[in-house]
Amino acid sequence: MKLIIQIPCYNEAETLEIALNDLPKQIDGIDEIEYLVINDGSQDDTVKVAKNWGVHYVVNFTKNKGLAKGFMAGIDACLKNGADIIVNTDADNQYCGADIEKLVRPILDGKSDIVIGERPIDQTEHFSPLKKKLQHLGSWVVRKASNTNIPDAPSGFRAYSREAAMRLNVTNEYTYTLETIVQAGRERIAMDSVLVHTNAELRPSRLFGSMFGYVKKSVLTIIRAFIMYKPLQFFTVMGSVPFLSGIGVGVRFLVYMCLGQAGGHVQSLVLAGTLLMMGFMTYMIGLQADIIAANRKILEDVQYQVRKLAYDRKDIDEKTGRTARGELL
């Protein structure tokens, strides 16, 4: 059983060694622990620090591509190098390394495929009162959108089984945390959370420049994920607003018509027809989006099978000492 711990990094030379030193070197049930750093276009000595410390793998981007792309590049590299479990943590040592054992335990016990660390948000001193409320609100929205019970959706401290990692897809360029939960809920992947500890803040968060920017990007990410994975439900709700309004205005016109006063309320008839048409068109968009989502599901299944063939073949070749063409190494 191999565990690979991946750390996305962007100019983390000052804090990376602290985070690496905090990681576990041995866990019961894990035969091998390796470490991977994703260098997301760092301009400092992040790579040098990682190599001097002795990380096993470094994924390099020559230009900063963002947390989401860095996360997926790390997942791909971990799978290619035979990871049975992948843990993602931060380079600023926000999360307590000793809690990694708590993260991987439900996967080792066969109870979950994704485990997310639940931070003590209300007790975290460097979180402002506004940020604490927004964290709770964002997690509630994600729970509703994904039909899950994850209490800390924005947490980046999480573990994935090999099967779950091969099914991951992240399409937004902001962060992977919210979209992957909505996707996992849609795919009915076994998911759980465990209480974890946080360390003192070493540097301010770089994920967002302001609270408004954080809220805006988070809301857009959640809405986009909801439209992508539950389009029919989303557009049905959106279409119901003008459609029901159109029915109400139409009934109002019929009442006036029955009273013999329809002549002065032709505008209501026009408005009712417009609203009903808007609602109907929104429903049609929802049906088309639902068909596209079904095709996306087929493509995801194909992608999963391709990944499984590629990664499993690599493991077999390494264990048997043969190349993909059957030649002895």
Hey, are [X] and [Y] close enough for a salt bridge, meaning a charged N less than 4.0 Å from a carboxylate O?
X	Y	answer
Asp290	Lys230	no
Glu300	Arg186	yes
Asp84	Lys2	no

In terms of hydrophobic clusters joined by side-chain contacts under 4.5 Å, are [X] and [Y] together?
X	Y	answer
Val170	Ile116	yes
Tyr160	Leu3	no
Ile227	Ile285	yes
Val115	Met191	no
Ile4	Val104	no

What's the verdict on side chain to side chain contact (heavy atoms under 4.5 Å, CB included) for Asp192 and Lys111, showing C-alpha distance, side-chain angles and the deciding distance? CA-CA 9 Å; Asp192 199 0; Lys111 297 179 180 178; over 6 Å; no
For the student: nearest non-hydrogen atoms of [X] and [Y], plus distance:
X	Y	result
Ala164	Asp113	CB-O, 3.6 Å
Gly117	Asp152	O-OD2, 3.7 Å
Ser193	Pro151	OG-CD, 3.3 Å
Thr46	Ala13	OG1-N, 3.4 Å
Gly29	Leu108	O-CD2, 3.9 Å
Met166	Lys308	SD-CA, 3.6 Å

[X]-[Y] side chain donor-acceptor pair, cut-off 3.5 Å:
X	Y	answer
Thr177	Arg158	no
Arg252	Ser268	yes
Thr236	Gln233	no
Tyr304	Glu163	yes

Quick check: do [X] and [Y] have side-chain heavy atoms less than 4.5 Å from each other?
X	Y	answer
Val47	Val49	no
Asn199	Asp22	yes
Lys65	Asp40	yes
Gln6	Ile75	yes
Gln183	Glu187	yes
Leu232	Leu287	yes
Arg119	Pro154	yes
Trp53	Tyr35	yes

Rounded to the nearest 0.5 Å, what's the gap from [atom1] on [X] to [atom2] on [Y]? Could you check?
X	Y	atom1	atom2	value
Ile181	Ile189	CD1	CD1	11.5 Å
Leu20	Glu17	CG	CD	7.5 Å
Asp99	Glu118	CG	CD	12.0 Å
Asn64	Asn39	CG	CG	9.5 Å
Lys48	Leu16	NZ	CG	13.5 Å
Leu168	Ile86	CG	CD1	8.0 Å

Without swapping roles, check the side chain of [X] against the backbone of [Y] for a donor-acceptor pair under 3.5 Å.
X	Y	value
Asn11	Gln43	yes
Ser139	Ala153	yes
Asn147	Gly185	no
Asp76	Met72	no
Asp92	Gln94	yes

Using the side chain to side chain contact (heavy atoms under 4.5 Å, CB included) rule, pick out the option among Ile38, Leu23, Asn88, Asn93 that qualifies with Ile7.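 Only one option passes, and that is Leu23.
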Within a 6.0 Å radius of atom [atom1] on [X], are there more than 12 heavy atoms belonging to other residues, nucleotides or ligands?
X	atom1	value
Lys69	NZ	no
Asp28	CG	no
Met281	CE	no
Trp140	CH2	no

I would like to know whether Arg167 and Asp301 meet salt bridge (Lys or Arg N to Asp or Glu O under 4.0 Å); could you show each step before the answer? CA-CA 8 Å; Arg167 292 191 177 275; Asp301 289 340; 3.7 Å; yes
Relative to the ring of Tyr95, is the ring of Phe157 parallel (under 30°), tilted (30 to 60°) or perpendicular (over 60°)?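 Correct class here is parallel.
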In chain order, what residues pass the ring pair (Phe, Tyr, Trp, His ring centres under 6.0 Å) check against Phe243, with sequence neighbours excluded?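 Phe243 satisfies ring pair (Phe, Tyr, Trp, His ring centres under 6.0 Å) with Tyr283 only.
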Apply side chain to side chain contact (heavy atoms under 4.5 Å, CB included) to residues Leu67 and Tyr176 and explain how you reach the verdict. CA-CA 7 Å; Leu67 183 59; Tyr176 60 91; 3.8 Å; yes
From CA spacing to verdict: side chain to side chain contact (heavy atoms under 4.5 Å, CB included), Ile30, Ile85: CA-CA 9 Å; Ile30 299 293; Ile85 301 176; 4.1 Å; yes
After noting the C-alpha distance and the side-chain angles of Ile100 and Ile27, does the key distance pass the side chain to side chain contact (heavy atoms under 4.5 Å, CB included) rule? CA-CA 9 Å; Ile100 288 179; Ile27 295 176; 4.0 Å; yes
My understanding is that only one of Glu179, Gln303, Arg296 makes a side chain to side chain donor-acceptor pair (under 3.5 Å) with Asn169; could you say which?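 That would be Gln303.
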